[in-house]
Number of protein chains: 2
Amino acid sequence: MLTNSRLVHQAHDHGRCINAALSRAEALCTENQARLTPTRESVLRLLWQSHQPLGAYQLQDQLSKQSGKNIAPPTIYRAIEFLLQLGLIHRIASLNAYIGCPFPGSDHSNLFMICSDCGSAAEVSHNSINDLLQSASDKANFTLQGQSLELFGLCPNCAGPKIQLDSQQSQDPSHE
Amino acid sequence: MLTNSRLVHQAHDHGRCINAALSRAEALCTENQARLTPTRESVLRLLWQSHQPLGAYQLQDQLSKQSGKNIAPPTIYRAIEFLLQLGLIHRIASLNAYIGCPFPGSDHSNLFMICSDCGSAAEVSHNSINDLLQSASDKANFTLQGQSLELFGLCPNCAGPKIQLDSQQSQDPSHE
DNA sequence: TCGCGAATTGTTATATTATAACGTAACATG
DNA sequence: CATGTTACGTTATAATATAACAATTCGCGA
């Protein structure tokens with residue numbers, strides 16, 4: 001089973017997430033003779049700023065701010081499409097939003113656990129789930145080609161036993 | 001396991017699908033002291049015209065034609081929301097489309113098998129999938145509350161052994 | 001290094017999906 | 001039949017996504 005669920009919900013050095021993602025992206029681009037242009041890299045970086053999926057227009061806002069010039073939607077959507085094709089990011093259909101893939105290149109099922117409270121999304125790839133979906137498809141004579149699996153609920157942080165509610169040190173939702 | 005996958009992909013008396021859906025709808029409405037108004041019933045009926053999900057604006061077009069007067073989007077979305085809340089229909093996020101639920105009232109997982117070719121969508125509820133998703137959630141300390149599970153691929157009809165490809169009678173994609 | 005074709009980005013306009021806000025009509029109930 | 005509630009009509013607009021075409025940049029062979 002592949003998952004980044006622990007990482008997503010715990011304090012961690014998020015800079016390493018970003019760096020790792022960028023390294024993987026460079027490698028994958030080289031491998032596929034594709035170019036990780038500045039725009040594409042910026043979008044990927046923005047999607048890795050947090051473990052929460054971002055919408056295209058959020059990306060547009062942020063990229064416009066960063067660059068100082070107005071970036072039009074097509075630019076964003078082109079970068080998104082490029083990153084999607086390489087498997088570097090995923091689209092979360094129920095949210096119309098996009099998120100970095102923690103294990104691009106590996107064949108996996110992209111199942112997401114999306115927190116309705118904080119909006120974080122952890123990705124899980126679970127062989128037995130894949131197998132079961134495959135066998136359910138087989139039974140129905142359905143030729144499985146792709147999937148979109150999204151679970152909604154509360155992440156450990158948001159559901160957790162609200163500890164230290166009375167202490168001065170309340171839960172620290174900060175990232176990292 | 002609950003599923004309508006056989007029905008969806010085979011010739012059948014579709015009028016019975018529609019009638020059954022409407023009966024269930026009436027029952028559920030009575031049970032919930034809700035009103036199946038003409039607009040709501042029309043939308044439900046339209047969603048049961050085929051086993052292919054329809055978008056809100058397709059519903060709008062068809063309802064406008066049927067009624068002779070222009071129906072505005074909010075009317076459609078209100079009917080959709082009503083039917084969604086009662087569990088009479090589902091939203092398929094990846095398609096921005098809606099489809100009638102073949103087994104409303106029963107607790108189920110709404111997993112869809114969507115044909116990329118003909119657009120039909122069969123619903124499957126599979127206990128072992130639910131259980132597995134639940135246990136995966138548990139492992140990740142994720143409090144599961146809802147889900148959106150969509151499989152893409154080819155339905156039996158569209159994947160099937162392309163018979164008569166060379167004869168004059170090409171494949172007939174008609175419904176029923 | 002020049003120039004050419006391909007890939008990328010810029011720009012404008014518009015399609016598609018969904019909702020806000022507010023007024024009007026129908027209903028159900030005492 | 002008066003009243004509160006529920007549903008619908010209407011207008012405008014938000015949010016998401018793409019089409020079409022021009023301009024630019026890049027890689028690479030001549």
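Letters A, B, ... are given to chains in the order of the sequence lines, protein chains preceding strands, and every chain is numbered from 1.
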Exercise: do [X] and [Y] side chains pair donor with acceptor under 3.5 Å:
X	Y	answer
A:N96	A:R91	yes
B:S148	B:E150	yes
A:N130	A:Q134	no

Assess whether one donor atom and one acceptor atom, taken from the side chain of [X] and the base of [N], lie less than 3.5 Å apart.
X	N	value
A:R78	C:dG10	yes
A:Y77	D:dA19	no
B:Y57	C:dA15	no

**OP:** Identify, between A:P73 and B:A72, the residue whose nearest nucleotide on DNA chain D lies closer to the 5' end.
**Re:**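 Looking at DNA chain D, the more 5' nearest nucleotide goes with B:A72.
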Original post:
C:dG10, D:dT11, C:dA7: which one has an atom nearest the side-chain heavy atoms of B:P74?
Top reply: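 So the side chain of B:P74 is nearest to D:dT11.
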**OP:** Mind checking A:F82 for me? I need base, sugar-phosphate or nothing, with any heavy atom below 4.0 Å counting as a touch.
**Re:**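 No contact.
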Original post:
Taking B:T3 for the side chain and B:E123 for the main chain, is one N or O donor matched with an acceptor at less than 3.5 Å?
Top reply: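 Here the side-chain-to-backbone pair exists.
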**OP:** Would you please confirm or rule out a distance under 4.0 Å between OP1 or OP2 of C:dT9 and any side-chain N or O of A:T37?
**Re:**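 For C:dT9, OP1 or OP2 has a side-chain N or O of A:T37 closer than 4.0 Å.
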Original post:
How close or far is atom P of C:dT16 from atom CG of A:N96, stated in whole angstroms?
Top reply: 16 Å
